[in-house]
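Sharing a structure, written as structure tokens. Questions coming.
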2 protein chains.
Amino acid sequence: MHDDPHEVLPAASDDRSPDLRAEAFQGVRAARRNELAEDYVELIAELIHSHGEARPVDIATRMGVTAPTVAKTLDRLARDGLITRAKYRSIFLTEQGRALAKECRHRHEIVLRFLLSLGLDAETAERDAEGIEHHVSERTLELFAAFVSRN
Amino acid sequence: MHDDPHEVLPAASDDRSPDLRAEAFQGVRAARRNELAEDYVELIAELIHSHGEARPVDIATRMGVTAPTVAKTLDRLARDGLITRAKYRSIFLTEQGRALAKECRHRHEIVLRFLLSLGLDAETAERDAEGIEHHVSERTLELFAAFVSRN
DNA sequence: GCGAAATGTTAGACAAGGCTAACAATCTGC
DNA sequence: GCAGATTGTTAGCCTTGTCTAACATTTCGC
Ligand SMILES: [Mn+2]
Ligand SMILES: [Mn+2]
Ligand SMILES: [Mn+2]
Ligand SMILES: [Mn+2]
């Protein structure tokens, strides 16, 4: 069935190397593992900028999760060197955390502006950008930015 | 700091409703929960089409994971009514699974062609599409399709 | 400055999604 | 038709990310 010489079907021809394919999926899984950290540090940076500090309660509200979920996640971020925290005090970004936040904000901005340029409404653009931003390669980001510029 | 009347900074003005924001994140989390199932049914449909059947070993190779991981995931898909399976036999899609596969394939195609239209190389396009496809709303997909058509 | 409200933490449950080790079944080549 | 290779399953471990319940601390209003 797969190499029937009568096979002339147009699409779905793509049986490209299984290994390349596996690499693609492994890359996607790697990106997935960073999504939450990226969303958190981006939000924390934003809260610090707009409110002067980042408190768990504000993170919980904006992320739409419960306080214990935030607490546990923050512990992981601290373990991974992205933030520092002390009991009952607000959250600070480490140098590394600030760097990641900056990069994420940059990506978020470009993806968002790109979607808006395409003609998407603001609310949908925000929602889609929030998911897409973690799966955009550097090359793609450049293409998005170029598109935004010339439109 | 946040409502200093002297604040004239251009961007980062976006302190839009925390609740809207939470909804966006909840939507993204919901999409994340379906990603794996989507990738599996899409791949299974493809294997059935190109090889006549979908076997765990081929899924494992292409997904880049081990056989036990595939087995456990397939059990979940079966539990969720997307596939049927019998011990040591190949995998079949249910009606529901076929419907989801079709939809995923459609989304994948459009996102991929869109990225290619933008000028991205084939390999990067495949990788990015594999991640982005799960986070594209219906509206965005339509805009992507329209862009592909007129380019 | 005290009591109530708000905020934060801890403990513990649970599902998903990855892995390795061990074993079982099937298939293949001779 | 059997031995060895391939494929598939099971058991069990681990981390992540979510939750609820209970408790601790801090902040606020008066
Ligand atoms: Mn995001
Ligand atoms: Mn973001
Ligand atoms: Mn995918
Ligand atoms: Mn896909």
Side-chain angles (χ1 to χ4, degrees), chain A residues 18 22-44 47 51-92 130-131 134, chain B residues 18 22-44 47 51-92 130-131 134:
Chain A
E23 270 179 53
F25 277 120
Q26 279 162 355
V28 172
R29 281 199 302 277
R32 280 171 194 165
R33 281 196 302 275
N34 295 319
E35 287 179 318
L36 201 63
E38 291 181 357
D39 285 339
Y40 268 72
V41 298
E42 191 186 352
L43 175 56
I44 289 166
L47 286 170
H51 289 60
E53 62 178 350
R55 296 204 149 270
V57 66
D58 296 316
I59 298 174
T61 302
R62 286 165 180 74
M63 293 287 292
V65 297
T66 62
T69 295
V70 170
K72 212 180 265 190
T73 303
L74 291 176
D75 284 344
R76 281 198 304 272
L77 297 182
R79 181 201 62 192
D80 296 343
L82 295 169
I83 65 170
T84 58
R85 74 203 227 76
K87 269 195 185 182
Y88 299 101
R89 311 282 306 282
S90 64
I91 312 303
F92 299 89
E130 201 56 79
H134 312 282
Chain B
E23 270 179 51
F25 277 120
Q26 280 162 352
V28 173
R29 282 199 302 276
R32 280 172 195 164
R33 281 194 303 274
N34 295 319
E35 287 178 316
L36 201 62
E38 292 180 357
D39 285 338
Y40 268 72
V41 297
E42 191 186 351
L43 175 56
I44 290 167
L47 285 170
H51 289 60
E53 62 178 350
R55 296 204 149 269
V57 66
D58 296 316
I59 298 174
T61 301
R62 286 163 179 76
M63 294 286 292
V65 296
T66 61
T69 294
V70 170
K72 212 184 265 191
T73 303
L74 291 176
D75 284 344
R76 281 197 304 272
L77 296 183
R79 180 202 62 192
D80 296 343
L82 295 170
I83 65 170
T84 58
R85 76 203 222 86
K87 269 194 185 182
Y88 299 98
R89 311 281 306 285
S90 64
I91 313 302
F92 299 90
E130 202 55 79
H134 312 282

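All values below were derived from every heavy atom in this structure, side-chain atoms included, with hydrogens, water molecules and symmetry-related copies excluded. Naming convention: chains lettered A, B, ... in sequence-line order (proteins, then strands); numbering from 1 in each chain.
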**Request:** Please tell me which of B/R55 and B/A37 maps to the more 5' nucleotide of DNA chain C, matching each residue to the nucleotide holding its nearest heavy atom.
**Result:** B/A37
**Complete:** Nearest-nucleotide check on DNA chain D, B/S90 vs A/L36; residue mapping nearer the 5' end is B/S90
**Item:** Rounded interatomic separation in angstrom, taking CZ from A/R33 and P from C/dG18
**Value:** 9 Å
**Asked** Is any side-chain nitrogen or oxygen of A/T69 closer than 4.0 Å to OP1 or OP2 of D/dG17?
**Response** no
**Asked** Which atom pair, heavy atoms only, marks the closest approach of A/Y40 to A/M63?
**Response** CE1-CE, 3.3 Å
**Request:** Examine distances only and state if a side-chain atom of A/E53 and a backbone atom of A/S90 form a donor-acceptor pair shorter than 3.5 Å.
**Result:** no
**Asked** Taking only N and O in the side chain of B/R29, is any of them less than 4.0 Å away from OP1 or OP2 of D/dT18?
**Response** yes
**For atom CD of A/E53 and atom C1' of D/dT26, their distance in whole Å** = 13 Å
**Prompt:** Between C/dA13, C/dG17, D/dT9, which one does the side chain of B/K87 approach most closely?
**Reply:** D/dT9
**Whole-Å distance separating the CG atom of A/D58 from the C1' atom of C/dG8** = 13 Å
**Message:** What's B/R32 touching, base or sugar-phosphate or nothing? Going by heavy atoms closer than 4.0 Å.
**Reply:** nothing
**Asked** Do side-chain atoms of A/R29 reach the backbone of B/G64 as a donor and acceptor pair under 3.5 angstrom?
**Response** yes
**Complete:** The nucleotide from D/dT27, C/dC19, D/dT18 with an atom nearest the side chain of B/K72 is C/dC19
**Request:** For B/D80 and B/R33, run salt bridge (Lys or Arg N to Asp or Glu O under 4.0 Å): C-alpha distance rounded to whole Å, both residues' side-chain angles, the deciding distance at 0.1 Å, then the answer.
**Result:** CA-CA 13 Å; B/D80 296 343; B/R33 281 194 303 274; over 6 Å; no
**Prompt:** Which listed nucleotide (D/dT9, C/dT9, C/dG18) is nearest to the side chain of B/R85?
**Reply:** D/dT9
**Separation of atom CZ in B/R76 from atom C1' in D/dT9, rounded to whole Å** = 16 Å
**Asked** Rounded to whole angstroms, how far apart are CG on B/N34 and P on C/dG17?
**Response** 10 Å
**Asked** Looking at the side chain of A/V65, which of C/dG18, D/dC19, C/dA16 is the nearest nucleotide?
**Response** D/dC19
**Complete:** When rounded to whole Å, the OH to P distance for the pair A/Y40 and D/dT18 reads 6 Å
**Short side-chain N/O contact to D/dG17 OP1/OP2 from A/T73, under 4.0 Å** = no
**Request:** Using whole Å, report how far CD of B/E38 lies from C1' of C/dG17.
**Result:** 16 Å
**Asked** Under the 3.5 angstrom rule, does the side chain of A/R62 hit a backbone N or O of A/D58 as a donor-acceptor pair?
**Response** yes
**Request:** Find the distance B/D75:CG to C/dG18:P and express it as a whole number of Å.
**Result:** 14 Å
**Message:** Heavy atoms from C-beta onward define the side chain here; which of C/dG17, D/dG8, D/dA11 lies closest to that of B/P68?
**Reply:** D/dA11
**Message:** By the 4.0 Å heavy-atom rule, please label A/R89 as base, sugar-phosphate, or nothing.
**Reply:** nothing
